[in-house]
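Just so you know, these numbers use all the heavy atoms, side chains as well, and skip hydrogens, waters and symmetry mates. Letters A, B, ... mirror the listed sequences (proteins, then strands); counts begin at 1.
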2 protein chains.
Amino acid sequence: MANIKHIAKLANVSISTVSRVLNNQPYVSEDKKKAIFDAIEQLEYTRNMNAIHLIKGKTNLVGVMMPFINHAYFSRLMEGISAEAFKENYQLILCQTNYELCNETAVLEMLKMKQIDGIIICSKSMPLEQIEPYTRYGPIVACEDVNQSPVSSVYLDHYTSFKYGINYLIEKGHQYIGLCLGRNSGANSQSRLKAYKDALHSINQPFREEWMFYQSYRIEDGVEVLNKLRTMEQRPTALLVTSDQVAAGIIMEARKNGIEVPNDLAIIGFDNQPIAEVFDLTTIDNQLMEMGSCAFRIVHDQIAKKKNEPEYREFDFRLIERSTV
Amino acid sequence: MANIKHIAKLANVSISTVSRVLNNQPYVSEDKKKAIFDAIEQLEYTRNMNAIHLIKGKTNLVGVMMPFINHAYFSRLMEGISAEAFKENYQLILCQTNYELCNETAVLEMLKMKQIDGIIICSKSMPLEQIEPYTRYGPIVACEDVNQSPVSSVYLDHYTSFKYGINYLIEKGHQYIGLCLGRNSGANSQSRLKAYKDALHSINQPFREEWMFYQSYRIEDGVEVLNKLRTMEQRPTALLVTSDQVAAGIIMEARKNGIEVPNDLAIIGFDNQPIAEVFDLTTIDNQLMEMGSCAFRIVHDQIAKKKNEPEYREFDFRLIERSTV
DNA sequence: ATGAAAGCGCTAACAT
DNA sequence: ATGTTAGCGCTTTCAT
C-alpha cells in the first residue's frame, strides 16, 4: 500500500508538501500540486486514517450504547442520532450491551482508549456515579434525566407525562388502571412508576402488583400481557403501556378474544411510533427522534468546543388522542 | 494522558517490558510485572488504540452498510451481525447510506483507508462491479446473490422462494395476484419480480402494472396499499408482500374497511418477523438473523485467515402457514 | 513556497 | 528476562 512517502518520492517533493495538498492548505505551487495529484492517482493512494487518528487524538467516531439493537424505541432514537451524525461527517459505533455491566464498561473504556470521541447512552444499567469519571475523556450524554451530573442529558419529564396520561384516563372515568413497563430499574421507569403510584393514591386506589407488567418490550410481549389479564378475576379497565409496540400486541390479542378496546379495556401507548397511527392508538409522543438528534448535537458541540460543562435538555411530551381510550 | 513511556519510567523498566505485560507475553519477572501494574494503576493508564491500529494495520471494526436504520428488516439482520461480532470482540460501524452512491462509496473508502477491516453490505444501490475492486483492501460480503463475484455473499434464493409462495396461492385457487416490493432495483427484488412474472405466465395471467406496489417498507405503507386497492374496479384476490410490516398494515386497514382476510384478500408476508405471528400472518421465513450472523462470520474468517477467496452461502426458506391465505 | 525533522503511542525484531 | 531501536503513516513546527 502506498503511503505519503511514496507519493513524495514519485512527485519529487517533500512529505510536508504532500501533506499540505492532502489537507487543502495554501502555499503550494500549481505544478507541484499537479505532480502530487498525478502520483496519488497513479499509486491509488489513500490516507491511512489510523495515523491521522493517532496524531490528532481524535477519531470522528461516537459510540452509541444501547441494550438491544432490534427494538423500535432504540431504532427511532438511533434514526435521530444517525441523521445528525451524518451532517457532521461523524460515524457511529453501535455498542450492544444487553444491560450487562461489563459491556457498558467496555464502551466507556473505548472512550478512554481514544477509540471514540464521545458517547451517547440510550439506556444503561450502570449507576451514574460509575460513568461520571469518564467524562474527563470526552463528552457523554445519556437519554434520561441525570439531575446535575457531569454527564449531559436529553430527557422527557416522565413523571409529568405519565401523570398526564393517567389523569386523562381518570377523567374518562377509569379507576382500575394497570401498567406495563420495560424495566423496573432505570431512571425513566422509576419516574413513571412514581407517577403511577402517586396517581393511584390521589384517587384512593391501592397499588396492585398483579396489574404491573414488567419486561414488556415487543409486540409479542403485549400478547402475553393480554393473556395474563384474561386469567384475572378482577381486571383493570385501562392500561398504561410504555411502548406502542406492546400496546399494539395487546390490542391485537384483545380483538382475537372479543375484548373491546376501549370499552372493555382502554389503552394509552407511549412513543408515538408509526404503528400507533395504524392501530389508531392513543399515545404520548415523546419526540424520540428529536431526542436522538439533540443527543448527538450535544456530544458534537462539546467535542468541537472542547468544553466540559454538561448540558441538559428537557423535551416536551404531547398526548395524541386517538380511539383507544 | 499517560503513555507507555511514563509507565516504563515510573516502573523503572523499558517500554518493551511494559508492552510485554500489556500483551500478556511471557518472560517478565513477577516483581517487574507488579511494578508495571502499580504504575498503570497510579497513572490511570490505558492504551491508545489508535497507535495499535496504526501499527497492526487493523482496527477490529467492521462496517455495516444499510440504506435505513429504523427498519425491521435491517434491524433483524443487524441483530444477527451484532451477536456474532460480540463473540469475536469486534465492533460495528453503522453506515446509513439512504441508497445514495456517494455514501456507499464513503463506506468502501473507509475500508481502503484502513478504518475498518471489512464490510457487510445489507443492501445497496451501487453496481457490483464498482464494489469489486475494493475487495483487495479487505473482505466484503453482500446480503444478496452476487453470482461468482469476488464479493462474498449470503443470500436466499428469492426466485424459488417467491415462486413457491405464488404457487401456494395458485393452489389455493387464486389467479389474481398482486405484488408489493421494497424497490424495483436490487438483486433480491429483481429475482422476485421475475418469479412473479413467470408464475403469472404459467397460469396465463397478464402482468398488470396497477397491481404492483413499489417502495413498500413500513407498516404505514401497507395502509396506503390497501387504500389504493380499494379504489380499483378489479382487485387482486391475493397479495404477495415482501415485508411482514407492510402486510400487517394491509391487514389492519382491510379490517377497518370490512375487507376480510383471507376471504376477500389473501396475503403472504415475508421475513417471518414477530409481528407476523401476532397477526397470524402466513409468511416466508428467510432466516434474516442467521444470515446476519453468517455474514459476519464470513468477514471475520477472511480477516483472520487473511484469505481472499469469496464465500457464498445460500439459505433455506420456509413457508409458515398461518391464517391469511 | 518548500523541506527537514520531531513526534503521536505503540509493537516487534534484534541484541544482550 | 530485559533493553535498544527502528518503524507504522501521518501532521506540524521551524527553518530557509
* Rounded to the nearest Å, what distance is computed from the CG atom of residue L22(B) to the P atom of nucleotide dC10(C)? -> 7 Å

* Can you check whether N3(B) has a side-chain N or O nearer than 4.0 Å to OP1 or OP2 of dG9(C)? -> yes

* Asked: Would you say dT2(D) has OP1 or OP2 under 4.0 Å from some side-chain N or O of S29(B)?
  -> yes

* Could you tell me the separation between the NZ atom of K58(A) and the P atom of dC10(D), rounded to a whole number of Å? => 18 Å

* Any cation-pi pair here, R313(A) with F315(A), using under 6.0 Å and within 45°? -> yes

* R20(A) NZ/CZ over Y27(A) ring centroid, <6.0 Å and within 45° of normal -> no

* At under 4.0 Å, does any side-chain N or O of S19(A) touch on OP1 or OP2 of dT11(D)? -> yes

* To do: Measure the CE-OH distance between M110(A) and Y134(A) for me, rounded to the nearest 0.5 Å.
  => 12.5 Å

* To do: Answer yes or no: does atom NZ of K307(B) have more than 12 heavy-atom neighbours from other residues, nucleotides or ligands under 6.0 Å?
  => yes

* Asked: C122(B) and V64(B): which non-hydrogen atoms are nearest, and at how many Å?
  -> SG-CG1, 3.6 Å

* To do: Round to a whole Å and report the spacing from NE2 of H6(B) to C1' of dC10(C).
  => 13 Å

* **Euclidean distance, atom NE2 of residue H53(A) to atom P of dC10(C) [Å, nearest integer]** => 17 Å

* Asked: Among dC14(C), dG9(C), dC10(D), which is the nearest nucleotide to the side chain of A51(A)?
  -> dC10(D)

* **I40(B) CD1 to dC10(C) C1', straight-line distance once rounded to whole Å** => 13 Å

* Structure fact -> I4(A) CD1 to dT12(D) P, in whole Å, measures 11 Å

* Please state whether the phosphate of dG3(D), meaning OP1 or OP2, lies under 4.0 angstrom from any side-chain nitrogen or oxygen of K5(B). => no

* Rounded distance in Å - CD (E30(A)) to P (dA1(C)) -> 11 Å

* Asked: Taking CG from N48(B) and P from dC10(D), how many angstroms apart are they, rounded to a whole number?
  -> 17 Å

* Output yes when at least one side-chain N/O atom of N23(B) is less than 4.0 Å from OP1 or OP2 of dT11(C), else no. => yes

* Looking at CD1 of I93(B) and CG of L61(A), how far apart are the two atoms once the value is rounded to the nearest 0.5 Å? -> 4.5 Å

* Structure fact -> Per nearest nucleotide of DNA chain C, the residue lying toward the 5' end, I15(A) or V28(A), is V28(A)

* Asked: Side chain of S16(B), base of dT4(D): donor and acceptor closer than 3.5 Å?
  -> yes

* OP1, OP2 of dT16(C) versus side-chain N and O of Y27(B): anything below 4.0 Å? -> no

* What nucleotide, of dC14(C), dC10(C), dC8(C), holds the atom closest to the side chain of R20(B)? -> dC14(C)

* Structure fact -> Contacts of S14(B) and I55(B) projected onto DNA chain D by closest heavy atom; the upstream (5') one is S14(B)

* Applying side-chain hydrogen bond (donor to acceptor under 3.5 Å, both in side chains), name anything that partners Q25(A), two or more places apart in sequence or on another chain. => none

* N/O (side chain, T17(B)) to phosphate O (OP1/OP2, dG3(D)) under 4.0 Å -> yes

* Asked: Are OP1 or OP2 of dT11(C) and a side-chain N or O of R47(B) less than 4.0 angstrom apart?
  -> yes

* To do: Establish, with yes or no, whether the OP1 or OP2 oxygen of dA1(C) is under 4.0 angstrom from a side-chain nitrogen or oxygen of K33(A).
  => no

* To do: Note down the inter-axis angle between the two ends of the helix from dA1(C)-dT16(D) to dT16(C)-dA1(D), five pairs each, to the nearest 10°.
  => 40°

* Using the ring of each side chain (for Trp, its six-membered ring), is Y73(B) parallel, tilted or perpendicular to H71(B), with breaks at 30° and 60°? -> perpendicular

* Asked: Hey, does I52(A) reach any base, or is it just sugar-phosphate, or nothing, if we go heavy atoms under 4.0 Å?
  -> sugar-phosphate

